2 protein chains.
Amino acid sequence: MATTPKDHAALLEKLRACDVRPTPQREVVLKVILDKRDHPTADEVFARVKSQMPTISLATVYNCLDTLVQCGLVRQVNFERAPTRYCPNLEEHAHFHDETTGKILDVELPADFMARLREVLPAGFDASSIELNFRGSAKPGAN
Amino acid sequence: MATTPKDHAALLEKLRACDVRPTPQREVVLKVILDKRDHPTADEVFARVKSQMPTISLATVYNCLDTLVQCGLVRQVNFERAPTRYCPNLEEHAHFHDETTGKILDVELPADFMARLREVLPAGFDASSIELNFRGSAKPGAN
DNA sequence: GTGAATGCAAAACCTTTGCAACTGG
DNA sequence: CCAGTTGCAAAGGTTTTGCATTCAC
């Protein structure tokens, strides 16, 4: 279960708030991402969406994902050579790639953490986004 | 010019220290990466290597790069959906992707910075590597 | 000599593109 | 109606693979 409303009306509202057409495809793509707390690839999103909307195409899923990322409704996570993953968590957080399970986990950050990270940038550098990725292994139990 | 010795003997020594066969291909791949301070893609490495060793194949370049990364002689940098880049700088540092120029720049970090970053990880998580990537634009002049 | 590395070509993989048909406002 | 979106199929670019040949030790 996600932290945010995910019923029909709420989803459409989110889309409209971003000034994008609330198409059924975008709604479903957004829905399946918000419905879980994981980090699916485009292909996994496609699979989930297909069960609700069998006629959707993979290209449309890619289109919708791009739109949602641009709107800031969903985040992108990039690790190594692996396919791009999508993240429903809009809070400031880092990612931990567990090499044992292959899973990606969210790492909560203290308040203002990202703001303080920016301080390492030399004068003249302005970061619009920051990605902090850990890779390693997690003992079973945590998260 | 790189920070580290890059003549024949020194390169071979580096490879031997990693317990890998010091083949001419590995040596040249390592050389062209250490010779500059930039972040070439596999294709760019291939182009540079070819001028010194015209018979080398792209697959071998990929093999060598993988080996060098595993040895820790070279680092990998991953940004967005872009092709993987390779980095000669073994110091602790972050990367800044300048969206205006498309270039990737090294960002120096204060001592122990990465160690302190690790502290945000919950108990039970052990990170073998950390990637800190900024994206944005840099005013001309810096770096 | 032998296991490892190379070179080549083909395949795999993820993602993008072109375009005709459709649709939401 | 009309710009924007979809669905499909085909192309694109990067990386990997299979296998015969060659090489470093």
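Hydrogens, waters and symmetry mates play no part in the numbers below; they use all other heavy atoms, side chains included. Throughout, a chain's letter reflects where its sequence line sits, starting with A, and its residues are numbered from 1. Computed from a predicted model, the values in this text were never measured in an experiment.
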Considering only residues two or more places apart or on different chains, which pairs with a residue in residues 17-44 of chain A satisfy ring pair (Phe, Tyr, Trp, His ring centres under 6.0 Å)? A:H39-A:H95
Any pair counted as ring pair (Phe, Tyr, Trp, His ring centres under 6.0 Å), so long as it reaches residues 47-76 of chain A, sequence neighbours left out: none
Nucleotides 8-11 of chain D: which of its N/O atoms have a protein N/O under 3.5 Å away?
none

Through direct or indirect side-chain contacts below 4.5 angstrom among Ile, Leu, Val, Met, Phe, Trp and Tyr, which residues connect to B:F79? B:V77, B:I104
Quick one: name the residues clustered hydrophobically with A:L90, using the 4.5 Å side-chain heavy-atom rule over I, L, V, M, F, W, Y, and just say none if it's on its own. none
Near DNA chain C, under 4.0 Å by heavy atom, which residues of residues 67-78 of chain A? none
Who pairs with [X] by side chain to side chain contact (heavy atoms under 4.5 Å, CB included), at least two apart in sequence or on another chain?
{"X": "A:D66", "answer": "B:R81"}
{"X": "B:T67", "answer": "B:V20, B:R26, B:C71"}
{"X": "A:N63", "answer": "none"}

So which heavy atom on A:A42 is nearest to which on A:L58, and how close? O-CD1, 4.4 Å
Rounding to a whole Å, what distance do you find between [X]:[atom1] and [N]:[atom2]?
{"X": "A:R85", "N": "C:dC14", "atom1": "CZ", "atom2": "P", "result": "10 Å"}
{"X": "A:D43", "N": "C:dT16", "atom1": "CG", "atom2": "P", "result": "13 Å"}
{"X": "B:R26", "N": "C:dG7", "atom1": "CZ", "atom2": "C1'", "result": "15 Å"}

Among the nucleotides C:dT6, C:dT16, D:dT14, whichever has the atom closest to the side chain of B:C64 is C:dT6
More 5' along DNA chain D: B:V20 or B:L58, using each one's nearest nucleotide? B:L58
With a cut-off of less than 4.0 Å, is there a side-chain N or O of A:Y62 near OP1 or OP2 of C:dT16? no
Output all residues satisfying salt bridge (charged side-chain N to carboxylate O under 4.0 Å, His left out) with A:R135, sequence neighbours left out; order by chain, then residue number. A:E80, A:E99
Side-chain donor-acceptor contacts of residues 109-125 of chain B below 3.5 Å, not counting sequence neighbours, with atom names and distances?
residue, atom, partner, partner atom, Å
B:R116, NH2, B:A111, O, 3.4
B:R118, NH1, B:A127, O, 2.4

Check: protein-nucleotides 19-25 of chain C nitrogen or oxygen pairs below 3.5 Å:
none

